[in-house]
Number of protein chains: 2
Amino acid sequence: MDSDPESVIGRRGSYAKGVARRKEILDRAIEVFAERGADGTSLRRIAEAIGVSHATLLHYFDSREQLLVAVYDHAEQLRSVTDDPGASAVEVMVDAATRNVGVPGMVQLYSTLVATAIEEPAGEAKDFFTRRFDVVRAESARRLREEQAAGRVRDDIDADTLAAMLVAVSDGLQTQWLLDPAIDLRETLSLFSALLAPR
Amino acid sequence: MDSDPESVIGRRGSYAKGVARRKEILDRAIEVFAERGADGTSLRRIAEAIGVSHATLLHYFDSREQLLVAVYDHAEQLRSVTDDPGASAVEVMVDAATRNVGVPGMVQLYSTLVATAIEEPAGEAKDFFTRRFDVVRAESARRLREEQAAGRVRDDIDADTLAAMLVAVSDGLQTQWLLDPAIDLRETLSLFSALLAPR
DNA sequence: GTCTATACGAAGATAGAC
DNA sequence: GTCTATCTTCGTATAGAC
């Protein structure tokens, strides 16, 4: 029972060598996206930056879209080590947003992939982000429910609804911040907790 | 003084014929986007659907991006005739969202363009949406300020901040709704007004 | 001014050689 | 497993017909 569930994205070479190479590619690709944004990152340019041909990338990932999703997924897993179960739902969002502020390229990638997911009726991105929103909302709702029980969050509105709002505010504010850095992402998101205070 | 400011996007033929043709193209393009989404809409496919060559489109618009922005802009102007100055900020957002629910293709286009705006350091989309977010936030803040003065909205948080949150919630929820239609867009957005109620 | 035909380079993807 | 073609489609640019 050692089926390392690291990533469900881009199943391919299940052999040791392939797995390692795959990880190498992802690590290097993350750096590429962190440097330049999601723009100008064609398969060929990514391959060039890594030092292989673009066909090689397609040997490990079925498509550019799948590679991009895998990159985002891998980058996210590297960061979310901070799993403080006691943190409030808003705090978790603020922390995530704070980390994102340092790496605009990843927020760009996120935004690009969400747009892709929305455009295509079926595809890697759609599956991934539908599931991801489910997970993030559920996790957020769980925290909110605890806070409601503890009397720290108003309980006149369903926790699931509040969770959807919180995730929406977080995503929406990051978009606005990327277009206009004058927006105080951290501060505004923090203030959202005031809206959640019990009445 | 008849300088019809209809659209600042894609300046070209200022002659009668050109203006009319331009409008024809936009009207037809809107239908195309309403039918299929923003996906599969290359310049050539759009041109084909309209019945012209793709070179013709570039005669009226400098680039594909400019055309897309113009399409979104034009479609939006056709709808926002409902300018009830007395409506609450949340009501305006709920109305807009309600209209959007009927035309997923336009929400897809919006999402695609915002992603483009975020990716590119400079470009048509970036200029347009930066300005647009400014306008929407300002208009929303104006309404919220009035509501605060009338005692219908809590005034312990700055109206500009609340406006940024409201716009973020609206955008974020539409994204979630497109990925999972089980999300009750109207209802959830409406409930946001409960968070804004005075304490 | 309006529009078409055509050409160019870059892109994602596939096939097959090594 | 990795490469070099190669195919198709894309955005864009230009030349010129009407």
Side-chain angles (χ1 to χ4, degrees), chain A residues 9-26 28-29 32-33 36-71 109 112-113 115-116 119-120 122-125, chain B residues 9-29 32-33 36-71 109 112-113 115-117 119-120 122-125:
Chain A
I9 307 300
R11 320 298 295 86
R12 267 301 173 85
S14 302
Y15 293 80
K17 170 93 179 279
V19 171
R21 188 85 179 90
R22 194 191 144 79
K23 192 166 171 304
E24 266 182 57
I25 292 177
L26 287 180
R28 186 73 190 91
V32 174
F33 276 91
R36 25 200 216 259
D39 188 39
T41 48
S42 65
L43 267 185
R44 284 171 158 89
R45 307 245 301 195
I46 298 174
E48 187 187 8
I50 296 183
V52 296
S53 77
H54 71 279
T56 299
L57 293 185
L58 290 176
H59 174 72
Y60 289 96
F61 305 90
D62 291 339
S63 66
R64 178 184 125 100
E65 182 178 330
Q66 191 179 84
L67 168 63
L68 262 49
V69 171
V71 166
L109 178 57
T112 298
L113 286 176
T116 305
E119 276 176 22
E120 301 186 9
E124 312 283 344
Chain B
I9 307 299
R11 319 299 297 88
R12 267 301 173 84
S14 301
Y15 291 75
K17 169 93 179 277
V19 173
R21 191 82 179 92
R22 193 190 144 80
K23 191 167 172 305
E24 264 182 59
I25 292 177
L26 287 180
D27 285 334
R28 187 73 191 88
V32 174
F33 277 90
R36 30 197 213 259
D39 188 38
T41 46
S42 66
L43 264 186
R44 286 170 159 89
R45 307 245 302 196
I46 297 174
E48 186 187 11
I50 295 182
V52 296
S53 77
H54 69 277
T56 300
L57 294 184
L58 288 179
H59 174 72
Y60 290 94
F61 305 91
D62 291 338
S63 67
R64 178 183 125 98
E65 184 177 328
Q66 191 179 83
L67 168 64
L68 261 48
V69 171
V71 167
L109 178 56
T112 299
L113 286 176
T116 305
E119 276 175 22
E120 302 185 9
E124 312 282 345

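The structure displayed is predicted, hence computed values, not measured ones. Letters go in sequence order (proteins before strands), and every chain restarts at 1.
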Compare every heavy atom of A:R22 with every heavy atom of A:F61, then report the nearest pair and how far apart it is. CE2-NH1, 3.1 Å

Show me the side-chain donor-acceptor pairs of residues 42-50 of chain B shorter than 3.5 Å, one per line, residues at least two apart or across chains.
unit_1: B:S42; atom_1: OG; unit_2: B:R45; atom_2: N; d: 3.2
unit_1: B:R45; atom_1: NE; unit_2: B:G40; atom_2: O; d: 2.9
unit_1: B:R45; atom_1: NH2; unit_2: B:G40; atom_2: O; d: 3.4

Rounded to whole Å, how long is the line connecting atom CD1 of B:I50 with atom C1' of C:dT4? 16 Å

Of all residues at least two apart in sequence or in a different chain, which pass the salt bridge (charged side-chain N to carboxylate O under 4.0 Å, His left out) check with B:R64? none

Would you say B:R21 reaches C:dG1's phosphate, i.e. side-chain N/O to OP1/OP2 under 4.0 Å? no

Starting at CG of A:L57 and ending at P of D:dG1, how long is that distance when rounded to a whole Å? 15 Å

Rounded interatomic separation in angstrom, taking CZ from B:R22 and C1' from C:dG1: 15 Å

Enumerate all atom pairs, one protein N or O and one N or O from nucleotides 11-15 of chain C, separated by less than 3.5 Å.
unit_1: C:dA11; atom_1: OP1; unit_2: A:S42; atom_2: OG; d: 3.4
unit_1: C:dG12; atom_1: OP1; unit_2: A:L43; atom_2: N; d: 3.2
unit_1: C:dG12; atom_1: OP1; unit_2: A:R64; atom_2: NE; d: 3.4
unit_1: C:dG12; atom_1: OP2; unit_2: A:L43; atom_2: N; d: 2.9
unit_1: C:dG12; atom_1: N7; unit_2: A:R44; atom_2: NH1; d: 2.4
unit_1: C:dG12; atom_1: O6; unit_2: A:R44; atom_2: NH2; d: 3.2
unit_1: C:dA13; atom_1: OP2; unit_2: A:R64; atom_2: N; d: 2.9
unit_1: C:dA13; atom_1: N6; unit_2: A:R44; atom_2: NH2; d: 3.3
unit_1: C:dA13; atom_1: N6; unit_2: A:H54; atom_2: NE2; d: 2.8

Starting at atom CZ of B:F61, determine the distance to atom P of D:dG11, rounded to an integer number of angstrom. 15 Å

Distance in angstrom units between B:E24 CD and C:dT2 C1', rounded: 13 Å

Applying side-chain contact (heavy atoms from CB on, under 4.5 Å), can you list everything that pairs with B:T116, at least two apart in sequence or on another chain? B:E65, B:T112, B:E120, B:A125

Within the pair B:H59 and C:dC3, is there a side-chain N or O less than 4.0 Å away from OP1 or OP2? no

Spacing of B:E48 atom CD relative to D:dG11 atom P, expressed in whole Å: 13 Å

B:T56 side chain near C:dC3 phosphate (N/O to OP1/OP2, under 4.0 Å): no

Check side chain to side chain donor-acceptor pair (under 3.5 Å) between B:R28 and all other residues, then give those that pass, not counting sequence neighbours. B:E31

Nearest-Å distance for atom pair OH/C1', residues B:Y60 and D:dA13: 18 Å

